[in-house]
Every structure is written in C-alpha cells, then in structure tokens.
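Structure first, commentary second.
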Amino acid sequence: MTTALKIAWREARASSARFAFVVIAVALGVGALTGVRGFSTAFRDMLLREAKTLMAADLTVRIFALPSDQQTKALESLRARGIDWTQVSETLSMVTSPAVTDPLMVTVKAVDPARYPFYGSLLVTPAAKLSDDVALLAADALERLGTRVGETIVVGGLPLRIAGVITAEPDRMTGSMNIGPRVMITRVALERTGLLRIGSRAVQRFLIKVPGGGNIEAVRQELVRAFPE
C-alpha cells in the first residue's frame, strides 16, 4: 500500500498540470450534474404548483369532434354531483377588417365567460369583459388586421367589436391550435358564425373543476371510461 502511494505521488509530481486538470474537470462535472439535477427538481416542482393555472382546470379532456350523447351525459352526471366543467372550442377561420382587404387566417377560441377560466386570470387591455357581441384579440392579430380596440372585425360572417387585447391567457400553453393570430369569442358567438359544422376542423377541450380538490384520480378514471380516446 505504501509503495502504491509513493508511485502515485511520484507520477502526480511528474505531471502535476495534467493531474490538476483531471481534478478540476471531475469537480466541474460533478458540479454541473448537481446543478442540472437541482434545476430539474425545481422546474418539476414549479410545474406541479402551477399545473392548475397552466390548464385553467384540475383536469382536461381533449377530443377532436363534438361529444357524443353518451359523453355529454357523463359530463352532466359530473355537474349533478357538484363537479363543474366548461367547454372550450378551438377552430380555424378567416377574419376580415375594414383596413385589410385580404382575409387573415386566425385561431378562434370560444369559451363560456361565466366559467372560463377556473384557475388563473384572463387579462385584457384595456380591462373588458367578453360578451356575445365582442371579440378579444391577441396583439399580433390586432396588428396584422390593421385595426384597433373599438373597431369591428368579421369572423365567419359575424361582425364583432374588438373589446380589448389579450395580455395573459392561463391555458395558452395547453391550447391545441396555434396557426395564425388568436381571436377569442364566446360560445354563443361561435354558434352564430356557423363555423362548427360536420367535417369542420375543430378541437374540443373540457375543463374540469373538482371542488375542494376532492378525489381527482377517481374523476379522472371516470373520464377515461367516457372518453377512451
């Protein structure tokens, strides 16, 4: 053992620079791994804390067609037991304004303003509420349409007044369509546009709120049975 230590000491003295480089490299590697692991843990904890806000709900169901009668009954059964839900529809449409002659393709998001969002806040500038005769636009939609708050755009043949610009949208990251600028309207306005027809490309999301953070796993399993896809 003593002989081995003497040999190691002699070799280290003979190439001290190389030995120091190896020690430093190992130390940096260990430090980098520790830093990455710490960042990963912190990021995961942040996602868990903010999951409700990112989804604007406790649970989300996403389908690419209108719900069947059986699925609608399953949702209504939840509501009868105090588990609230709201439907969010996203589809594509052409929008026009007096300032732009060529129609602009946008993603139309239709919500029920009485329930959406369950968590987080929809922030609009200037402060405005979404109603059946107005639309809320993302800033890039406002710019590309060459219009401003208070003016009118036409969505699917339906004229709507621009009530404000969306500055924060809680479930923006979990949206299904991100083609073109975004326009938000009510579900009543969406029905008036006639955009949702057989064969229309649309995504339906159902945001579920479990009161008091109850047995979310049980509700999830129930939804899996109703929406196996």
Side-chain angles (χ1 to χ4, degrees), residues 53-57 59-68 71-72 75 85-118 120 122-125 128-208 227 229:
T53 302
L54 292 175
M55 296 192 303
L59 294 165
T60 300
V61 175
R62 187 195 317 266
I63 58 176
F64 296 88
L66 292 174
S68 65
Q71 290 170 336
T72 301
L75 290 169
W85 59 270
T86 186
Q87 185 175 353
V88 176
S89 299
E90 292 177 295
T91 187
L92 302 177
S93 178
M94 306 302 291
V95 174
T96 59
S97 72
V100 177
T101 56
D102 296 327
L104 174 67
M105 178 176 285
V106 301
T107 294
V108 176
K109 178 177 179 178
V111 303
D112 177 359
R115 286 188 167 92
Y116 172 88
F118 286 132
L122 175 66
L123 302 181
V124 182
T125 303
K129 292 184 178 180
L130 186 61
S131 61
D132 299 338
D133 58 350
V134 305
L136 303 176
L137 274 62
D140 55 345
L142 200 71
E143 180 179 353
R144 293 181 62 179
L145 286 168
T147 187
R148 57 187 178 183
V149 175
E151 296 183 346
T152 300
I153 59 173
V154 179
V155 182
L158 178 68
L160 296 168
R161 181 178 58 84
I162 303 172
V165 179
I166 301 171
T167 56
E169 184 181 352
D171 59 336
R172 177 69 174 86
M173 292 179 61
T174 57
S176 304
M177 290 191 175
N178 295 294
I179 301 176
R182 297 172 68 77
V183 174
M184 184 179 293
I185 61 177
T186 67
R187 297 197 56 77
V188 172
L190 178 63
E191 292 177 4
R192 292 175 180 172
T193 64
L195 292 175
L196 290 188
R197 303 172 183 172
I198 296 176
S200 299
R201 182 182 178 184
V203 177
Q204 310 296 330
R205 284 191 293 127
F206 296 91
L207 308 184
I208 318 294
F227 298 87
E229 70 277 18

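Hydrogens, waters and symmetry mates play no part in the numbers below; they use all other heavy atoms, side chains included.
For Val149, the side chain to side chain contact (heavy atoms under 4.5 Å, CB included) test picks out Pro126, Ile162, Val165, with sequence neighbours left out. Every residue meeting the side chain to side chain contact (heavy atoms under 4.5 Å, CB included) condition with Pro103, not counting sequence neighbours, appears here in chain and number order: Met94, Thr96. Residues that satisfy the side chain to side chain contact (heavy atoms under 4.5 Å, CB included) test with Thr152, not counting sequence neighbours, are Pro159. Applying the side chain to side chain contact (heavy atoms under 4.5 Å, CB included) test to Thr167 and every residue at least two apart in sequence or in another chain returns Leu123, Thr125.
Here salt bridge (Lys or Arg N to Asp or Glu O under 4.0 Å) pairs that include residues 94-116, with residues two or more places apart or in two chains, are Asp84-Arg115, Lys109-Glu169, Lys109-Asp171, Asp112-Arg115.
For the pair Leu190/Ser89, a side-chain contact is recorded, criterion being any heavy-atom separation below 4.5 Å from C-beta on. For the pair Thr86 and Val111, the minimum side-chain heavy-atom distance is 4.5 Å or more. Annotation: side chain of Val124 is not in contact with side chain of Met184 (no heavy-atom distance under 4.5 Å).
Between the CZ atom in Arg205 and the CD atom in Gln87 there is a gap of 11.0 Å [rounded to 0.5 Å]. Interatomic distance, CD1 of Ile63 versus CZ of Phe206, reported as 4.5 Å (0.5 Å rounding). Going from atom OG1 of Thr60 over to atom CZ of Phe118 covers 10.0 Å, rounded to the nearest 0.5 Å. Taking CD1 of Ile185 as the start and CG of Leu195 as the end, the distance is 7.0 Å to the nearest 0.5 Å.
In summary, Glu90 and Arg62 do not engage in a salt bridge, as defined by a charged side-chain N under 4.0 Å from a carboxylate O.
Residues Tyr116 and Leu207 come closest through the heavy atom pair CD1-CD1, 3.9 Å. Across all non-hydrogen atoms, the minimal contact from Val100 to Gly146 is CG2-N, 4.1 Å.
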Practice task
Would you sort out whether Thr107 and Val183 count as a side chain to side chain contact (heavy atoms under 4.5 Å, CB included), showing the intermediate values?
Solution key: CA-CA 6 Å; Thr107 294; Val183 174; over 6 Å; no
Handout entry: Verdict with reasoning, Leu196 to Gln204, per side chain to side chain contact (heavy atoms under 4.5 Å, CB included)
Key = CA-CA 11 Å; Leu196 290 188; Gln204 310 296 330; 4.1 Å; yes
Distance-only donor-acceptor pairs under 3.5 Å for side chains of residues 129-145, two or more places apart:
| residue | atom | partner | partner atom | Å |
| --- | --- | --- | --- | --- |
| Ser131 | OG | Asp133 | OD1 | 2.8 |
| Asp132 | OD1 | Thr186 | OG1 | 2.8 |

